[in-house]
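Have a look at the structure below, then the notes.
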Amino acid sequence: MIDFIEELKWRGIFHDIMPGTDEQLEKEMTAAYIGFDPTSDSLHIGSLSQMITLKRFQLAGHKPVALVGGATGMIGDPSGKSQERNLLTTEILNKNLAGIRKQLEHFIDFESDIPNKAEMVNNYDWMSEFSFLEFIRDVGKHISVNYMMAKDSVKKRMGKLDDGQDASGLSFTEFSYQLVQGYDFLHLYQNNACKLQMGGSDQWGNITTGTELIRRKAGGKAYALTTKLITKSDGGKFGKTEKGNVWLDPEKTSPYEFYQFWLNTSDEDAEQFIKIFTFLTQQEIESLIEEHQQAPHNRRLQKRLAKEVTVMTHSQKAYDTAVDASEILFKNGSIDRIETLDNSTFMAVFNGVPKFEIEKNELEKGISILDLLAEKTKVFASKGELRRLMKDNGLSINQEKEKNVERVFTSSDLIKEKYILIRQGKKKYSLIEIV
RNA sequence: GGGGGGAUUCCAGAGCGGUCAAAUGGGGCAGACUGUAAAUCUGUUGGCUACGCCUUCGGAGGUUCGAAUCCUCCUCCCCCCA
């Protein structure tokens, strides 16, 4: 059996642990849960490492429990937030829960007939039954306000900040979040024999409220394990691009963009990420790192990382298409190559590229480049921006550099009889389609 | 309640009657180099029918030939003393 904690440690994701956790894991098959916040209808790659942690836990012979926060999502976790959160409506929450369930099922085995098959629970199922009075009598009585106020996530929102400014304060609703999450742990401890809660290091406070509650109310012993929050070597926030979050839902982030995100990982981060986000063995990873250091320009590490994560998240097919698209868009992307693509491949390659439309007859009349790209379509925000780009030699039309501001377009400029391909700089494509 | 300071272009932050579409830095975009990396260097960064015109310096008025700059009122923010 794989030593789960050792595994997390060499992968560099281990953060903190409550004493006794390792003994518990050695002693017996243990159930552990991680909570997922339904703040959106898809998880993004920030949650990916948590899902993988659950998966590793399962591979180590233990039983993972994925909790979707139907109840806690209604409240909002103050951890890591400097401002009071807006509440989600029930309708949005339900939609989000459904989306997240689907993604969790894709990663973790909830189906097969193994003793440690995964379970999914929704804390709304037990919290919605709770009356306020019952809750404050049965749960609130066991935890002191002093204890709750000592949490970092709460302290940061009260009194003065380091720079002397007043903290933003937090509502009773957010203050009570940790109790609700703590109760989840108690509930799962009592009903699902769940003895361990895992989460990001920002969850430590919430998790220990749970173990405390279990100790006081059930007289039981429960454990906590946290993983490091993933950071980038340049200090930027992990999982964000200019376009925002990188989502696991292919509708929100196309497999091509997803693949590109991982491919563009910096050298230092790639060494870290391949350990965290793949199931490759230590030997495999070490030899990859060594290969990469020998010939960094080949970017073997990034390619392998991107492959593993894309196949795992989407599919082998989606990965193949993403690689094809990358080849076409970055390497030998001659216009002839693009012209000879069949329609479905063409659409796959340009899936996720912003698309703009133009009336057929406008093009037949002939239209100037400035009007086409900055007036009729909004490929560029202003004509000035487009002029500047052309002056800097940064615009390509159908893969040919274009510097002529007077250029006029007609039907003869179409590729595949209905598109004009615009490229800004090296990698930013847009597609105009006639309608 | 009393006293003081401030609001400037994406952000930070100069400007304090004409030479201001507004210094400088950051960020963005592009070019060179390269590995679709990092670092570096270069250009660019309100709009347009472009050697000119239009819209911008919290909001509304006013003084002036001329205002981001002066005056009045309003809104919001911060600091100090109670």
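Predicted model, so just to flag it, every value in this text is computed and none were measured. A, B, ... follow the sequence lines: proteins, then strands. Residue 1 opens every chain.
Note on A:L263: a base of the nucleic acid sits closer than 4.0 angstrom, heavy atoms only. Residue A:K428 is out of contact with every strand shown, counting any heavy-atom pair closer than 4.0 Å. Nucleic acid contact for A:T265: none, since no nucleic acid atom lies under 4.0 Å from a heavy atom of the residue.
Per the geometry, CG belonging to A:D269 stands 20 Å off P belonging to B:G35, to the nearest Å. Rounded to whole Å, atom C1' of B:G47 lies 11 Å from atom NZ of A:K378. Rounded to an integer number of Å, the gap from A:L395 CG to B:G43 C1' is 17 Å. Taking atom CG of A:L305 as the reference point, atom C1' of B:A37 lies 14 Å away to the nearest angstrom. With rounding to whole Å, A:E268 atom CD is found 9 Å from B:A37 atom C1'. For A:L389 and B:U44, the CG to P distance is 15 Å, given to the nearest whole Å. Atoms NE2 (A:H297) and P (B:U34) sit 13 Å apart, rounded to a whole Å. In this structure, CD of A:E406 is placed 13 Å from C1' of B:U49, rounded to the nearest angstrom.
Contact annotation: A:K427 does not reach the phosphate of B:C29 (side-chain N/O to OP1 or OP2, under 4.0 Å). Listed pair A:K401 / B:G31 meets the phosphate criterion, a side-chain N or O lying under 4.0 Å from OP1 or OP2. Contact annotation: A:R388 reaches the phosphate of B:G47 (side-chain N/O to OP1 or OP2, under 4.0 Å). Considering only side-chain N and O atoms, A:S382 lies under 4.0 angstrom from the phosphate OP1 or OP2 of B:G47. Remark: A:K303 is not in phosphate contact with B:G35, judged by side-chain N or O atoms under 4.0 Å from OP1 or OP2.
Rounded to the nearest Å, the gap between the C1' atom of B:G62 and that of B:C53 is 27 Å. Across the C1' atoms, B:A60 and B:U45 are found 32 Å apart, a figure rounded to whole Å. Only the P atoms considered, B:G5 is 22 Å distant from B:U9, to the nearest whole Å. Comparing the C1' positions of B:G27 and B:G52 gives an interatomic distance of 32 Å, to the nearest angstrom. Distance check on atom C1': B:G18 versus B:G13 gives 24 Å, rounded to whole Å. Rounded to a whole angstrom, the distance from the P atom of B:C65 to that of B:U75 is 32 Å. Straight-line distance between the P atoms of B:U8 and B:G3: roughly 26 Å, to the nearest whole Å. Nucleotides B:A32 and B:A38 have their C1' atoms positioned 16 Å apart, rounded to a whole Å.
Taking only distance into account, the side chain of A:Q302 never meets the base of B:U36 through a donor-acceptor pair shorter than 3.5 Å. Judged by distance alone, with hydrogens and angles left aside, A:N393 brings no side-chain donor or acceptor close enough to the base of B:G31 to form a pair under 3.5 Å.
Looking at heavy atoms from C-beta onward, A:I289 lies in side-chain contact with A:L301 at the 4.5 angstrom threshold. Counting only heavy atoms from C-beta outward, the side chains of A:L389 and A:E385 never approach each other to under 4.5 Å.
Distance from the side chain of A:K383 is smallest for B:U49 among the nucleotides B:C33, B:C29, B:U49. Closest to the side chain of A:K391, from the set B:C48, B:U44, B:C29, is B:U44. Side chain of A:S326, nearest nucleotide from B:A37, B:U36, B:C29: B:U36.
Heavy atoms from other residues, nucleotides or ligands lying under 6.0 Å from CZ of A:R11 number more than 12.
For A:R56 and A:F279, the positive end sits near the middle of the six-membered ring, less than 6.0 Å away and at most 45° from its axis.
Under the Watson-Crick or G-U wobble criterion, with both distances below 3.5 Å, B:C51 is left unpaired in every strand shown. Applying the Watson-Crick and G-U wobble criteria (two distances, each under 3.5 Å), B:U9 pairs with nothing in any strand. B:G61: Watson-Crick or G-U partner is B:C71, with both key distances under 3.5 Å. Across all strands shown, B:A30 pairs with B:U42; the Watson-Crick or G-U wobble distances both stay below 3.5 Å.
Ion pairing between A:K383 and A:D371 holds under the 4.0 Å rule for side-chain N and carboxylate O. Remark: A:R304 engages A:E308 in a salt bridge, criterion side-chain N to carboxylate O under 4.0 Å. Between A:K102 and A:D249 there is no salt bridge, since none of the side-chain N atoms of the basic residue sits less than 4.0 Å from a carboxylate O of the acidic one.
Comparing A:R299 and A:L370, the nucleotide of RNA chain B nearest to each residue sits closer to the 5' end for A:R299. Checking A:Q260 against A:R387, the closest nucleotide of RNA chain B that is more toward the 5' end is the one next to A:Q260.
A glycosidic torsion no more than 90° from 0 defines the syn conformation; B:A23 lies beyond that range and is anti. In this structure, B:C65 shows a glycosidic angle more than 90 degrees from zero, which is the anti conformation.
You'll find the ring centres of A:Y33 and A:F185 inside the 6.0 Å limit.
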